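Structure, as structure tokens:
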Amino acid sequence: MQFSENWLRSMVDPKLSSSELSHLLTMSGLEVEEVEPVAPPFTNVVVAEVKEVAKHPDADRLNVCQVDVGTGTLLNIVCGAPNVRAGMKAICAKAGAVLPPGLDGKPFAIKVGKLRGVESQGMMCSAKELKISEESSGLMELPADAPVGTDIRDYLGLDDLKFTIKLTPNKADCLSVLGVAREVAALTGTPLHVPTTKQVAVNLDETLPVRISAPDLCGRFSGRVIRGLNARAATPDWMKQRLERSGQRSVSSLVDISNYVMLEVGRPSHVFDLAKIHGGLDVRWGRKGESLKLLNGNTIEVDEWVGVIADDKQIESLAGIMGGDATAVTLDTTDIYLEAAFWWPNAIQGRARKYNFSTDAAHRFERGVDYATTLEHFERITALIVEICGTDATRVGPVDDQAVNLPQPKPVAMRTARAAKVIGVPLTDDVVADIFTRLQLPFTFDNGVFQVTSPSYRFDIEIEEDLIEEVARVYGFENIPTRPPVAPTTMLIEPENTRSLFAIRHQLADLGYQETVNMSFVEAQWEQDFAANADPIRLQNPIASQMSVMRSNLVGSLLANVRYNVNRKAGRVRVFEVGAVFKRNAEVQDGPLSVAGFEQPKRVAAMAYGPVNDEQWGEKTRPVDFFDLKADLEALFAPSVLRFVKGEHPALHPGRSAFVELDGKRIGFIGELHPRWLQKYDLPQAPVVFEVDAEALCLRSVPAYAEISKFPGATRDLALVVKQAVAAQEVLDCFHAEIAANPGGKIVQAVVLFDEYRGKGLETDEKSLAFRFGMQDTQSTLQDDAVDAIMAAVARAAQEKVGAKLRG
């Protein structure tokens, strides 16, 4: 929102400097992004009148002018402007003037000199040369009543500033100079001067038939017919000036008036060429297959989600956003239909963005425009149109005002005690009542509770916190003392059987992985590819089309990180992420950190790509494999022992993947990326990935004392022949079950698979597995009979359960 300081001060003029005013607005929540002078510094430039113009004797494109600058003596000035003529009022820089810097960045000083042999005692100036406008067609012509000799800075009000404020979406009431003035008046107690307009006499009984077919789109529609206008009338300089200083370009008088009132009081309106309207108007939702050519030249297709204003033949306007080209006013327009409406914000929100553009009207309507002052503002627009474009033949019709569905604001309760607690200052009921009065918020009070009914221009007051914010803004954020937080100093006991996610992050970093932080929104195709999830949780309003669903695992995000690095010539990538995944779960109830029907568990995932180690002389280069990542995963969980169960996962290679179990519960998966995804996502070699439940990883065993044996240990090897289909884990499970059940099993400290053999001496459907048993007794030296007994027992258990036989 940009506006002129002088325009603001015409409505409210506090005894504050420009910098103080800027600071006040910023501290009240209306952040002033920029304060810029409307014109750069220059001196000794005045209003002048050209008395005579004669051709330069030695230059075809130059004229010699006699100019009156109010000193009593005419100045002889050589001028090359094409529009200079006798009798015109223009701008003159007298000798000694200093003009704004040129391309070289240095100020330009005006001196008496000769141009082609003729003395020039000054310089006639264009608006561009003074850097007060971009127009460069010639001299800036001033009105005939401009007083000669007056400093041009005073005459044009160039000692003015342009304020640019950054508004949050809830402050739609400040999208006008009146709205900002209302805030300043409330903050400073300075009287507010609301623009007033004398009502124009109605001398025409004509109305245009209008039907509101969609009350959920348009709550109020006002219109009137005005005939006999002069659309070629010039926009007054004062209005042009205010528009330009608000960032608006002057178009034509009718358009300028509509834009001016929008900036002044926040009321967007639209002017139709009455002669181009066919029959009456219908305010309705669009229909599939309809199209409209807009004022910006774009032709758009509308549907049932977009509101329109249509006549008996075609669509004429995109409701609350932009008018159509077919009924646009031109310089030849004489009869108009003036329209102003209240469009429901939720019926405008997102519609302009759908067509990839934005308008000032849509920006205001989608946040909420005052629905109660339509007629007052309508009279303001009418009066300006008649004043500027009116002729002897001008006739003004009555206002056709239809209010069919207006908001019904409900009182919002605010407790003084609650406001004092949130803001952190000892507020009293009288202080709060004064603030609400200054903000023009109607209220009732009973026993410490204010019941506030928001005005028609405030769409942001819905809950108690909104009112608390208003109190804090007007009370002054700078008046709220800075106090350290007060909290109990009791030390909380950290459970010994848990560790934090920060400790896990550090451990992964120690293992050579780098942490990534990815969005929880992912491509829908990722969910299909890496989770076989045909029905992902979809976002209602995604921030980008390729981020439309919530992820149910972390594989896609990590793979995207790997691809990004590989595409930039990184040969070795190690990344991990600790983040939430999202799944449907009907058993989840609403809570402080939960949403009914959705489960949001934390997961820890890591992916490795490329060689195991950076290239070096001491070790041959080989690609990372399943067992490298398995070792890292076991290190993370140590001393807990993981179990890896063969299984298939949609993201992983069927023969090089496994599910991870801990204490009989499945907690994740590990494996090499599936070959089909290597091809689809264009990776030269397969990365290896694991993903486990963060809660399981945070749990750890409490350290416990174990007696250290003083006696020597022993090892025994056991080679068994089993069928190819028997997994090594099945054999190990047999061993552990027997060791746990056998009284003599307490001497077994470890069982390790150290060899697998297939080939000569074995059947084609057989394999040999060799296990090493580490044994030690804490009470005495190991005896051969005890060792032989347990070894025979585990061999027998393997024979009974998996059909194993001793290898000869």
Side-chain angles (χ1 to χ4, degrees), residues 169 172 208-223 267-273 276-328 337 339-371 374 400-408 459 521 524 535-549:
L208 187 70
V210 176
R211 180 174 68 255
I212 302 178
S213 300
D216 54 338
L217 164 67
C218 178
R220 185 173 190 174
F221 192 94
S222 304
R267 169 72 56 196
S269 59
H270 187 63
V271 183
F272 295 86
D273 189 324
K276 299 175 182 177
I277 298 177
H278 310 90
L281 296 179
D282 185 14
V283 182
R284 59 174 173 81
W285 292 105
R287 296 165 186 154
K288 196 75 174 177
E290 291 182 320
S291 63
L292 170 66
K293 185 178 181 182
L294 297 170
L295 287 172
N296 61 9
N298 295 343
T299 299
I300 62 170
E301 299 291 330
V302 303
D303 54 27
E304 298 83 356
W305 191 61
V306 180
V308 299
I309 302 174
D311 61 18
D312 295 346
K313 185 178 178 181
Q314 61 187 12
I315 298 175
E316 301 296 1
S317 177
L318 201 57
I321 299 175
M322 185 181 290
D325 182 68
T327 53
Y337 181 72
E339 167 265 312
F342 166 70
W343 307 99
W344 282 94
N346 59 4
I348 305 299
Q349 289 164 1
R351 273 64 174 186
R353 189 162 57 249
K354 174 182 178 180
Y355 298 110
N356 296 319
F357 66 84
S358 180
T359 64
D360 290 327
H363 187 73
R364 287 163 172 78
F365 280 127
E366 65 186 4
R367 288 160 172 77
V369 170
D370 191 351
Y371 54 86
T374 303
D400 175 27
D401 181 44
Q402 300 182 51
V404 295
N405 183 24
L406 296 181
Q408 302 297 323
F459 283 77
F521 319 136
D535 185 26
I537 301 170
R538 295 191 175 276
L539 297 169
Q540 291 185 349
N541 186 23
I543 60 175
S545 59
Q546 71 273 20
M547 305 173 76
S548 58
V549 302

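Computed from a predicted structure; not experimentally measured.
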Taking atom NZ as the centre, does K293 end up with more than 12 heavy-atom neighbours from other residues, nucleotides or ligands that are less than 6.0 angstrom away? no
Mutual orientation of the aromatic rings belonging to F221 and Y337 [parallel < 30°, tilted 30-60°, perpendicular > 60°]: parallel
For the pair W344 (side chain) and N405 (backbone), establish whether a donor and an acceptor sit closer than 3.5 Å, ignoring hydrogens and angles. yes
S358 and R353: CA distance, side-chain angles, deciding distance, side-chain contact (heavy atoms from CB on, under 4.5 Å) verdict: CA-CA 6 Å; S358 180; R353 189 162 57 249; over 6 Å; no
Test log, rule side-chain contact (heavy atoms from CB on, under 4.5 Å), inputs L208 and D400: CA-CA 8 Å; L208 187 70; D400 175 27; over 6 Å; no
Determine which pairs satisfy side chain to side chain donor-acceptor pair (under 3.5 Å) with at least one residue from residues 295-305, sequence neighbours left out, and list them in order. D303-K354
State whether the side chain of R351 and the backbone N or O of Q349 hold a donor-acceptor pair below 3.5 Å, judged by distance alone. yes
Main chain of G223, side chain of E339: is a donor-acceptor contact present, judged purely on distance under 3.5 Å? no
Taking only residues at least two apart or on different chains, which pairs with a member in residues 213-223 satisfy side chain to side chain donor-acceptor pair (under 3.5 Å)? R211-S213, S213-D282, D216-W285, R220-D401, S222-D401
Which class fits the ring pair F357 and Y355: parallel under 30°, tilted 30 to 60°, perpendicular over 60°? parallel
Flag the pair R284 and E290 as a salt bridge only when some basic side-chain nitrogen lies within less than 4.0 angstrom of an acidic carboxylate oxygen. yes
Counting distance only, does the side-chain N/O of T359 pair as donor-acceptor with the main-chain N or O of I321 below 3.5 Å? yes
Can you check side-chain contact (heavy atoms from CB on, under 4.5 Å) on V308 and L292, steps first, answer last? CA-CA 9 Å; V308 299; L292 170 66; 5.8 Å; no
